[in-house]
Every structure is written in C-alpha cells, then in structure tokens.
There are 4 protein chains.
Amino acid sequence: MARSINKVILVGNLGQDPELRYTPGGTAVCNMRLATNEVYRDADGNMVERTEWHNLVAWGRLAEICNQYLRKGSKVYVEGSLQTRSWEDRDGNTRYTTEIKIREMVMLDPRSEATPEPEAAVTASTQRQATAPRQTFAPEPEPEAFDEDAYTLSPDDDLPF
Amino acid sequence: MARSINKVILVGNLGQDPELRYTPGGTAVCNMRLATNEVYRDADGNMVERTEWHNLVAWGRLAEICNQYLRKGSKVYVEGSLQTRSWEDRDGNTRYTTEIKIREMVMLDPRSEATPEPEAAVTASTQRQATAPRQTFAPEPEPEAFDEDAYTLSPDDDLPF
Amino acid sequence: MARSINKVILVGNLGQDPELRYTPGGTAVCNMRLATNEVYRDADGNMVERTEWHNLVAWGRLAEICNQYLRKGSKVYVEGSLQTRSWEDRDGNTRYTTEIKIREMVMLDPRSEATPEPEAAVTASTQRQATAPRQTFAPEPEPEAFDEDAYTLSPDDDLPF
Amino acid sequence: MARSINKVILVGNLGQDPELRYTPGGTAVCNMRLATNEVYRDADGNMVERTEWHNLVAWGRLAEICNQYLRKGSKVYVEGSLQTRSWEDRDGNTRYTTEIKIREMVMLDPRSEATPEPEAAVTASTQRQATAPRQTFAPEPEPEAFDEDAYTLSPDDDLPF
DNA sequence: TTTT
DNA sequence: TTTT
C-alpha cells in the first residue's frame, strides 16, 4: 500500500489574513486562501492574467505559526497534499471541497524589523519535535487520526473555506 | 505578474479507463480519475488506509496519448497545476470542481509486449514542439486559449514523437 | 534563516544493488546509483537518448529498507535534497561529489509474491516517529547531527512500520 | 525509454551576479551560484546553520533574462534538472561537476520601481515562444541538441562554476 | 480576496 | 473507482 505520491507545491500570496480555530480537543487549525497567477497569451495574442485561488489548511504548531507570521498579502512557498472533504449543504446535498493540507511553509517576504520570525522553515515534522517537550500528557495526534466528530464546526460557524 | 508557482505531482493508479472527448472545435480533452493512498496509524495505533481521488484533465495531444496508453489500474506519474472550475447544478447553485490540468505524464507500468508505447515522457511542451512544423501559419496557442480549429490533427498525421 | 527550499524528485532505475555500510557509531548508510533517461531530437532530427546517473544516499532506517527491498534495476521514486561533499583525492586535491540525500522512497515495481515489502511509503520522518517511543531519553537527532550511538537498532527490534 | 523524472526545485539566493557568456554559435549561457540554507539542531541541541551551494546554468532566452534581472543576493525559485558534466583538470584527470539546468525561474524579491521586469514567470518553453517570431531563419536549438564542441570554453576561460 |  |  501507499505506493503513491500526493504533493502540491505553491508559491503565491495570501488573499486575506489566516483564520485560526481550535478543535474541541484543542488542536489548532489554520485556514488560508492563497492566490497564484498565470499569464498567457490568448488566441488573439493578448496577454491575459488568470488568478487561481487555493484553500490551504494547516494543523497544530504549523497552524499557529502561519497565524502568527502571515498576513493578507504575504508571499509564501507551501508544500502539502491534496485532500477533498465532503460536507452537506443547506439542501442536504453532498458537496466537495478540495484543500491543500500543508506540511511545510517558507515565508518569502523580506524580513522586517517589526516582525521577528521563526528560526527555520516550518514543517509538520519540526512541529512535532518542537511541541513534544511541552505536551507531556497530551501528544498532538496526527491530523489523519482525528476523531472526525471533534472537527465538526458548530452550526453557526462560518464555513471554513 | 505571475511570480507564482502552481504545481501538483502525483503518483497513483487510474480508477477507470480514461474518457476522451472533443470540444466542438476539435480539441481532445481527456478526463481521468487517479487514486493515491496514504497509510498511517490512527489514535489507537491501528493501521488505516485512506484513498484520495483526483480529477485529472489533459488537453490536445497529451489527451490522446493518455487515452491510448492508459487503462483502469495503470500506474502513472503526472505533473500539472490545480484549477478550480465553477459550474451550475440542477438547482442553479454554483458549484466548484478542482482538477489537475496535467502537463506531463510518465507511465510506470512495466512495458508489455502487447502494448507498444510512446518513446518518451509526454509533456504539453513536446506536444507543442512536435506539431509546430506543421502549423506554419497558426502556431498553437496555449491550451487556455485554444483556437480549437487550429488544433485538429488530420487523420493521417505522423505520430509527433 | 532557512527561508529556502532544496528539493530533488527523481523517478528512475537503480544501476546496481544498493550498498549498505555502517558508520563506526552504528548508523546505517546506503549508497545507490540511479539512472534517469531523457529522449530528445538532436539538431539533425535524430532521436537521442541520454542517461543521467545520480548518487543517492539514505541514512538510518531508510537506508536499511532501501538495502532490503531494492535491487539493480528496481524502479523507484525518490525525494531528497542536494548536498555536495568535498574530499581529498590521492594527489591531495580537493574534489567535490554531489549526492541526493533521500528522505522518501516509493517502490514502483509491481509487487511480486517473492518479495514482501514494507507497508507504506518510507520516509525519514516515519522512521523518526516510529523509533521515538523506544528512545525515551535520547530522541533521535537529525541525520546531519547523528550521535550515532543513539541510533543503533537492536537486532530483535520490531519493524517500525 | 524516458520513463523517468529528473527534477530539482530550489528557493534560495544568488551568491554573486549571474555570469553570461555566448557559445561560438551565439547561444546565451548563464551560470549562477545559488545558496540554500538549512537549520537544524545538532546532537547537543544547538542550532546549526548549513549552507549548500548549487551551480545553476540557464540557456538561451532564459539565460539572458536571468542575467538581466538577477543580481547577487536575489531571491529566486528555480526548477530544472540535474546534469553531471565531466571535464579534464590540469593533470589530465577526469573531474565531474553537477549542475542544475534550469527550465523555470521566478523572481521572489519585491518589485522595485527601479527594476522593471519580464511580464511573466520565465520558462524554457515561453522562451521558445517568445523568441520564435524573431528567429525566422535560425530557430534556437534545444539545449540538448547543442553541438558539444560549440560549448567548449577556451583554455583561458575562467572555470564556469 | 493576493500580487505585479 | 485504483493499487497492495
């Protein structure tokens, strides 16, 4: 099993500030919207620009770091994997949303004096290392191992994408 | 503009045979479903396997090659970019579908005697190169901008690779 | 610092069996030669094939798995980072060798009955996770910083996946 | 053949200004040195930073654009493939140099008023498109199709890496 | 909704 | 709906 690869690499800009929430179990979840732009010539030879919007989601320590250091307009490199979640709309129809669960984030904006920053590129694995010492009794579960119910947003929550 | 990167890399298996269609203008479009699998331990330490399904779309010559050489079960490497299309459902609601527009495809199945195959990894650009010499007056536009009439391959065309 | 990315992705075939060694401290190191092939037309329109050879190195548990499951001719996907080592030749000149330190490996050959295999794609991080519980007092350092004594797997260890 | 992938993705900074040369046949070649940095904790728990230097080479229009828009310190995303060239040192020994032949470059520095810039991410393929209209009689050959002799550097050339 |  |  698992003789497969599911990898996404994006460089773009955040369309708005990150949104941080916590699951009932206390795990941080950060949702972001990232724009990538493509420029090409159309059939008439005119330059056209097309923007693609991506839904990013980060978990755990990486979620908190994204929330702390990124802002609307921030330029970032992210790497992650595609996952499509299903949910039910108001009419009871099943809908699908594709997100990129990010595993690595590199800030590409020039460093400003005002905003100190993490010491290194942030990855899901450094996050485990980093938080381990403090989570003596409640090691952070892998995102994949989440009790799905624990991530259910309360009904009056905004949609997270 | 276009200081961004939108890249997807997948290795997985097709869930069904490719589906080839043609636009009214005669451009080939091939849709495929690709599975990637992930194995992890859940919170209770049990091995869990999760399958992610991806919608692939190929255009032009690459579409035809995918249709010709790939089958349900085929193992492939693909590289492409994310794009989300919107469409209207029966109730008039806007819906979104995220696809990977593939630009490169490498067959990973061992070669069989029965199925001859293209001589090289197939990319959207080799396809452009290849056809260029025949398009003396109508250089092929980017897929996003197809003048679809310009792209029809005549039935007796040589293979372009 | 570390606002950078150093990533290599290869799909190719091993030119010979992997070579496994151990450092004096007991850390496994596996060296492999991987071929990638490129096909193109030269200036005269003739098809030419060019083979590129890559030096791969894996460490720790990943080294042992590569050694156990791969053979001359094996088709693999690997992901890693570039690193150039310097060494001294017999004449006292400094020489440089560029290697890909692999972090992830996916076997692409069809499964045979004869060769059982690991249950999942193998990565440097699953390896760390897996061994962590046994390293109560000596969390495994990054490969670059191995306290090599801390990494010796005892002969009767369970497979960590 | 060519069921392989040879891909490198780097985000880093140039260590010096690009160096542009032309082959006897008039093709532009641009050599660059790119640094990537890695931060990790060593066995004693100290933060260590390690810099890796990469030899980049761009051809044709992409070479000229790199030379025109990049400078020492420029932050860039590049994508390309690994290739190892052999050459002979003063003692007649065969030596090897590994380079990344880049195919795509994205400038990551914030735009300044002072430096206008190309309209889009620059790739080896847009380069073909872009230059084609002007090269009525002398289409730029694929880098792979170069007359190898044409790239021989004259003896008193600086080494290009 | 970003960036240029 | 794939693969193992």
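Sequence lines set the chain letters: A, B, ... in the order given, protein chains first and strands last, and positions in each chain run from 1. What you see is a predicted model, and the numbers here were worked out from it, not measured in a lab. As a basis for the values below, the full set of heavy atoms in this structure was taken, side chains included, without hydrogen atoms, waters or symmetry mates.
- As a whole-Å value, the separation of B/R3 CZ from E/dT3 P is 13 Å.
- Closest contact between the side chain of A/K72 and the listed nucleotides E/dT2, F/dT2, E/dT4 involves E/dT2.
- Here the P atom of nucleotide F/dT3 and the CG atom of C/D109 are 17 Å apart, to the nearest Å.
- A/T36 comes within 4.0 angstrom of nothing in the nucleic acid, heavy atoms only.
- For B/N93, the side-chain hydrogen bond (donor to acceptor under 3.5 Å, both in side chains) test picks out no residue, with sequence neighbours left out.
- Judged as a side-chain hydrogen bond (donor to acceptor under 3.5 Å, both in side chains), and not counting sequence neighbours, the contacts of A/T98 are A/T84.
- Candidate nucleotides E/dT2, F/dT4, F/dT2 were compared by shortest atom distance to the side chain of C/R111, and F/dT4 ranks first.
- Residues forming a salt bridge (Lys or Arg N to Asp or Glu O under 4.0 Å) with D/D17 (at least two apart in sequence, or on another chain): none.
- Across all strands, A/S74 comes closer than 4.0 Å to no nucleic acid atom at all (heavy-atom distances).
- Listed by chain and number, the residues in a salt bridge (Lys or Arg N to Asp or Glu O under 4.0 Å) with C/R71 amount to none (sequence neighbours excluded).
- If you check residues 7-15 of chain B against DNA chain F, the residues with a heavy atom closer than 4.0 Å are B/N13, B/L14, B/G15, listed by number.
- Partner of D/L34 under the side-chain contact (heavy atoms from CB on, under 4.5 Å) criterion, chosen from D/I102, D/L70, D/L14: D/L14.
- In this structure, the salt bridge (Lys or Arg N to Asp or Glu O under 4.0 Å) partners of B/E79, at least two apart in sequence or on a different chain, are B/K7, B/R103, D/K7.
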